Amino acid sequence: NVNDAPWIEGVIPPQNKNEDFVFWTLVLTSYEKDIDNSNNELTWSVVNVNNSLINIQIENSSDIASFNTVENANGANIITFILSDGYLTASQDVLVSINLTNDLPTIPNLINPENNVILYQDNVLLNWTASSDVDNDQINYYVYFSNNSDSEFKEKTTNTELNITKLENKIYYWYIIASDSIGNQT
């Protein structure tokens, strides 16, 4: 009695996802074939995985490969799926492509004046924390400021502060929108 090698029938398709897609699965059952063994006697494994780009786990009881992208990572990786009957193997290379996407800048936090503070002066220096952008895009801040809760656009700046003058004794509202050079806003 001779053990015949299993084989992978058909082409396992390339996997193409956007950066930060996070999780997806691929069912491998239809690709596994073996004359001597039933599908539940065959096992899958994967090698040549670039773990700085993607993580892959295989659940052999269901023949499901689970993919997890690494946050903010992009690029290509040729992985190798291996099908085994316990003695002999078959393998197939599969291209995994993680496409670059532009991320939002972080949300700036308002520092001064603090929320719900009443100021009795005719000017105020607004300041906020700097936003960061994992794509290293330039960040612009859009300052909204007025004496009603529907704050109006005041000024665009790359600084993290803005001096407002000629104030009257009223309650003022303000907020900041951070925008990268692509137009993503927080």
Side-chain angles (χ1 to χ4, degrees), residues 12-27 46-59 62 64-79 94-186:
I12 300 172
Q15 302 297 298
N16 187 12
K17 301 292 180 186
N18 287 335
E19 166 192 336
D20 303 330
F21 186 80
V22 183
F23 178 81
W24 76 96
T25 60
L26 174 65
V27 179
V46 62
V47 296
N48 302 323
V49 177
N50 177 351
N51 289 318
S52 65
L53 179 66
I54 194 160
N55 296 301
I56 304 171
Q57 300 289 322
I58 295 181
E59 178 59 51
S62 59
I64 293 178
S66 299
F67 296 76
N68 284 294
T69 60
V70 174
E71 185 175 12
N72 297 314
N74 60 79
N77 183 195
I78 297 175
I79 61 171
V94 175
L95 175 64
V96 178
S97 299
I98 307 301
N99 306 312
L100 174 66
T101 58
N102 190 275
D103 293 291
L104 297 171
T106 60
I107 297 172
N109 293 310
L110 305 181
I111 297 173
N112 185 57
E114 292 181 20
N115 202 18
N116 297 320
V117 170
I118 298 174
L119 302 172
Y120 298 99
Q121 55 198 47
D122 64 352
N123 66 13
V124 65
L125 180 64
L126 306 176
N127 59 28
W128 54 91
T129 59
S131 295
S132 61
D133 188 286
V134 297
D135 304 305
N136 294 318
D137 295 330
Q138 177 181 331
I139 297 174
N140 292 304
Y141 300 100
Y142 294 85
V143 181
Y144 289 80
F145 184 90
S146 76
N147 62 355
N148 65 57
S149 59
D150 295 326
S151 298
E152 301 165 358
F153 175 69
K154 180 73 173 166
E155 190 168 321
K156 173 184 165 185
T157 181
T158 57
N159 298 321
T160 57
E161 64 182 31
L162 180 66
N163 193 34
I164 307 287
T165 59
K166 300 180 183 175
L167 299 176
E168 299 173 11
N169 285 334
K170 295 182 180 180
I171 296 175
Y172 290 91
Y173 303 87
W174 70 292
Y175 65 92
I176 305 294
I177 294 177
S179 177
D180 64 18
S181 58
I182 305 300
N184 291 324
Q185 297 181 342
T186 58

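Counting begins at 1 with the first residue of the sequence. As the structure is a computational prediction, the values presented were derived from the model and not from experiment.
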Do Phe67 and Lys17 pass the side-chain contact (heavy atoms from CB on, under 4.5 Å) test, and can you show the C-alpha distance, the side-chain angles, and the key distance before you say yes or no?
-> CA-CA 10 Å; Phe67 296 76; Lys17 301 292 180 186; over 6 Å; no
Which residues satisfy the side-chain contact (heavy atoms from CB on, under 4.5 Å) test with Ile164, sequence neighbours excluded?
-> Val124, Leu126, Phe145, Lys154, Leu162, Leu167
Does Ile78 CD1 have over 12 foreign heavy atoms under 6.0 Å away?
-> no
Identify the two heavy atoms, one from Pro105 and one from Ile139, that lie closest to each other, and give their separation to 0.1 Å.
-> CB-CD1, 4.0 Å
Contacts of Lys166 meeting salt bridge (Lys or Arg N to Asp or Glu O under 4.0 Å) (sequence neighbours excluded), chain-then-number -> none
Please round to the nearest 0.5 Å and tell me the distance separating atom CG of Leu110 and atom OG1 of Thr129.
-> 8.0 Å
Throw together a table of side-chain donor-acceptor distances under 3.5 angstrom for residues 178-185, partners on residues two or more places apart or in other chains.
{"unit_1": "Asp180", "atom_1": "OD1", "unit_2": "Ile182", "atom_2": "N", "d": "3.0"}
{"unit_1": "Asp180", "atom_1": "OD1", "unit_2": "Gly183", "atom_2": "N", "d": "2.9"}
{"unit_1": "Asp180", "atom_1": "OD1", "unit_2": "Asn184", "atom_2": "N", "d": "2.9"}
{"unit_1": "Asp180", "atom_1": "OD2", "unit_2": "Asn184", "atom_2": "ND2", "d": "3.3"}
{"unit_1": "Asn184", "atom_1": "ND2", "unit_2": "Asn102", "atom_2": "O", "d": "3.4"}
{"unit_1": "Asn184", "atom_1": "ND2", "unit_2": "Asn102", "atom_2": "OD1", "d": "2.5"}

Sorted by chain and number, sequence neighbours left out, salt bridge (Lys or Arg N to Asp or Glu O under 4.0 Å) with Glu152 holds for none
Considering residues at least two apart in sequence or located in another chain, which fulfil the side-chain contact (heavy atoms from CB on, under 4.5 Å) criterion with Ser52?
-> Asn50
Residues two or more places apart in sequence or in another chain: which of them pass ring-ring contact (aromatic ring centres under 6.0 Å, His included) with Tyr175?
-> Tyr144
Interatomic distance, CD1@Ile98 vs CD@Gln15, rounded to 0.5 Å, equals 9.0 Å
Evaluate the side-chain proximity of Pro108 to Thr186: yes if any heavy-atom separation is below 4.5 Å, no if none is.
-> yes
Residue set satisfying side-chain contact (heavy atoms from CB on, under 4.5 Å) with Asn163, at least two apart, ordered chain then number -> Asn123, Leu125, Thr165
Quick check: are there more than 12 heavy atoms from other residues, nucleotides or ligands sitting under 6.0 Å from CD of Glu71?
-> no
State, with a plain yes or no, whether a side-chain heavy atom of Asn74 is found less than 4.5 Å away from one of Asn99.
-> no
Got a sec, which residues hit side-chain contact (heavy atoms from CB on, under 4.5 Å) with Glu168, two or more places apart in sequence or on another chain?
-> Lys170, Tyr172
With sequence neighbours excluded, residues passing side chain to side chain donor-acceptor pair (under 3.5 Å) with Asn48 | Thr80
More than 12 heavy atoms of other groups within 6.0 Å of Ile107 CD1 = no
Do any N or O atoms from the side chain of Ser132 and from the backbone of Thr106 form a donor-acceptor pair under 3.5 angstrom?
-> no
Partner set under side chain to side chain donor-acceptor pair (under 3.5 Å) for Glu19, not counting sequence neighbours | none
At what distance, to the nearest 0.5 angstrom, does CG of Asn77 lie from CD1 of Ile54?
-> 7.5 Å
ring-ring contact (aromatic ring centres under 6.0 Å, His included) filter on Trp128, not counting sequence neighbours, yields Tyr141
Between Asn72 and Asp20, which heavy-atom pair has the shortest distance, and what is it?
-> N-OD1, 2.9 Å
Which atom of Trp174 lies closest to which atom of Asn112, heavy atoms considered | CZ2-O, 3.3 Å
Sequence neighbours excluded - salt bridge (charged side-chain N to carboxylate O under 4.0 Å, His left out) pairs with any residue from residues 118-147 | none
Can you tell me how far CG of Asn169 sits from CG of Asn147, rounded to the nearest 0.5 angstrom?
-> 12.0 Å
